[in-house]
Amino acid sequence: MVLSKRYLFFSVLHLLLLTDTALCIRFPDRVSTSVNDELGRPLKAAVFALGSFWRSEAVFGCLNGVVRTTVGYAGGSKTNPEFRNLGDHAESVQVEYDPRVINFRQLLEVFWTSHDCRQVFGQGPDVGNQYRSIIFTNGTEESRLAAHSKEREQMKSKSSIVTTQIQQLVAFYPAEPEHQKFELKRNPFLIHLMGNLPQEELEKSNLAAKLNSYAAELCPPRIQKQIDAKIKDIIRKGWPILRDE
């Protein structure tokens, strides 16, 4: 009975909060430019560095068309970096998205508006080479779009230099499990609402990506309010909150 209640509750919650569903493909070290969702529909993958990857993941997770997010390391030469020993890599976020709903140009707009691209080797109080600003590209077209967007950003003010680097993506190393969906994990109530998913399922969940953004209050205002209202409705109706037994 516990398993059936868990399954039913999570399924209904998922339908309430999302308009589509998706499962995850765990990437190896080297990233393909395209993957598929569970229905075989083509997705694309983009990687950005814009400061602490805890916040960066939350920036993208709630966007319409974004299916999955994963934090990790990219831009350096060290093989198999770790959080305490990442070498010359930058904290990064990999965004898997449906190109029929959102495109790379739109992701770039979110990238520019979500951090200070003129701060040298850091973001806010987080200072260091690992927090530098980078757009990673896959192919000529993405490189062109990235360069054009950087030029446009520089034209907004010539009093300081846009420090963002544009690099061809060579490898993306997923970070340790404790860093995935960090903002969501800081909210045990939301974790309970999801049925206390195992870590691997949590990392793969489209719902978790959205609730991670919601927990950080980084969803677009309209979506933030919608999710807030639906969660309050669940509480008002007295739906069970599942806990480990």
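- With rounding to the nearest 0.5 angstrom, the CD atom of Gln119 is 8.0 Å from the OG1 atom of Thr163.
- Atom CD of residue Glu91 and atom CD of residue Gln123 lie 11.5 Å apart, to the nearest 0.5 angstrom.
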Practice problem: Verify side chain to side chain contact (heavy atoms under 4.5 Å, CB included) between Thr70 and Val93, making sure each step is shown before the conclusion. | Solution: CA-CA 6 Å; Thr70 306; Val93 58; over 6 Å; no

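- Side-chain atoms of Gln154 come within 3.5 Å of backbone N or O of Ser157 as a donor-acceptor pair.
- Evaluation of the side chain to side chain contact (heavy atoms under 4.5 Å, CB included) rule for Val101 yields Asn64, Asp98 as partners, not counting sequence neighbours.
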Quiz item: Can Asp233 and Lys230 be said to form a salt bridge (charged side-chain N to carboxylate O under 4.0 Å, His left out), step by step?
Solution: CA-CA 5 Å; Asp233 189 52; Lys230 288 174 181 177; over 6 Å; no

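- Val120 and Val162 sit in two unconnected hydrophobic clusters of ILVMFWY residues. Membership requires side-chain heavy atoms under 4.5 Å apart, directly or through other members.
- Checked against salt bridge (Lys or Arg N to Asp or Glu O under 4.0 Å), Glu57 has the following partners two or more places apart in sequence or in another chain: Lys181.
- Side chain to side chain, Gln180 and Glu203 fail the donor-acceptor criterion of an N or O pair below 3.5 Å.
- In this structure, a donor-acceptor pair under 3.5 Å is present between the side chains of Gln199 and Lys185.
- Atom CG of Leu211 and atom CG of Asn187 lie 9.0 Å apart (nearest 0.5 Å).
- Every salt bridge (Lys or Arg N to Asp or Glu O under 4.0 Å) that Lys232 has, sequence neighbours left out, goes to Asp228.
- Pairs of residues two or more places apart, or lying in two chains, never qualify as salt bridge (charged side-chain N to carboxylate O under 4.0 Å, His left out) while including a residue from residues 114-139.
- For residues 201-238, the set of pairs meeting the ring pair (Phe, Tyr, Trp, His ring centres under 6.0 Å) definition, not counting sequence neighbours, is empty.
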Quiz item: For Glu153 and Lys156, what are the C-alpha separation, side-chain angles and deciding distance, and is it a salt bridge (charged side-chain N to carboxylate O under 4.0 Å, His left out)?
Solution: CA-CA 5 Å; Glu153 193 66 25; Lys156 292 180 180 179; 3.2 Å; yes

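- Heavy-atom minimum distance, Ser56 versus Gly51: OG-O, 3.9 Å.
- Contact annotation: the side chain of Lys210 approaches that of Asn206 to within less than 4.5 Å [non-hydrogen atoms, C-beta and beyond].
- In this structure, Leu207 is a member of the same hydrophobic cluster as Phe189, with clusters built from ILVMFWY side-chain heavy atoms closer than 4.5 Å.
- For the ring pair (Phe, Tyr, Trp, His ring centres under 6.0 Å) test, no residue two or more places apart in sequence or in another chain qualifies with Tyr97.
- The SG atom of Cys117 sits 10.5 Å away from atom CD1 of Ile161, with the distance rounded to the nearest 0.5 Å.
- Remark: side-chain polar atoms of Ser149 are paired, donor with acceptor, to backbone N or O of Ala146 under 3.5 angstrom.
- Electrostatic pairing of Glu200 and Lys204 counts as a salt bridge here, judged by a charged N lying under 4.0 Å from a carboxylate O.
- Aromatic ring orientation, Phe182 versus Trp54: parallel (interplanar angle below 30°, classes split at 30° and 60°).
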Practice problem: Go through the steps to decide whether Glu96 and Lys44 satisfy the test side chain to side chain contact (heavy atoms under 4.5 Å, CB included), and finish with yes or no. | Solution: CA-CA 6 Å; Glu96 294 173 62; Lys44 285 195 162 187; over 6 Å; no

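- Linking ILVMFWY side-chain heavy atoms closer than 4.5 Å, directly or via other members, places Tyr173 and Val71 in a single hydrophobic cluster.
- Between Arg186 atom CZ and Ile191 atom CD1 the span is 12.5 Å, to the nearest 0.5 Å.
- In this structure, the side chain of His89 engages the main chain of Lys78 through a donor-acceptor pair within 3.5 Å.
- Each of Phe53, Phe172, Phe48 was scored for a side-chain contact (heavy atoms from CB on, under 4.5 Å) with Gln94, with one residue passing: Phe172.
- Residue Leu63 is not grouped with residue Ile227 when hydrophobic side chains (ILVMFWY) are merged at heavy-atom distances under 4.5 angstrom, including chains of intermediate members.
- Applying the side chain to side chain donor-acceptor pair (under 3.5 Å) criterion to Ser133, with sequence neighbours excluded, gives His115, Thr164.
- With sequence neighbours excluded, the residues forming a side chain to side chain contact (heavy atoms under 4.5 Å, CB included) with Arg144 are Glu141, listed by chain and number.
- Here ring pair (Phe, Tyr, Trp, His ring centres under 6.0 Å) pairs that include residues 121-168, with residues two or more places apart or in two chains, number zero.
- In this structure, Leu190 and Ile231 have side chains that are in contact, with non-hydrogen atoms separated by less than 4.5 Å.
- Here the CG-CD1 distance, from Leu193 to Ile235, works out to 6.5 Å after rounding to the nearest 0.5 Å.
- Applying the disulfide (SG to SG under 2.5 Å) test to residues at least two apart or on different chains, the pairs with a partner in residues 47-115 are Cys62-Cys219.
- With sequence neighbours excluded, no residue forms a side chain to side chain donor-acceptor pair (under 3.5 Å) with Glu217.
- Follow the hydrophobic side-chain contacts under 4.5 Å out from Ile135 and you never reach Leu169; the two are in separate clusters.
- Under the rule for a side chain to side chain contact (heavy atoms under 4.5 Å, CB included), Lys225 has no partner lying at least two apart in sequence or in another chain.
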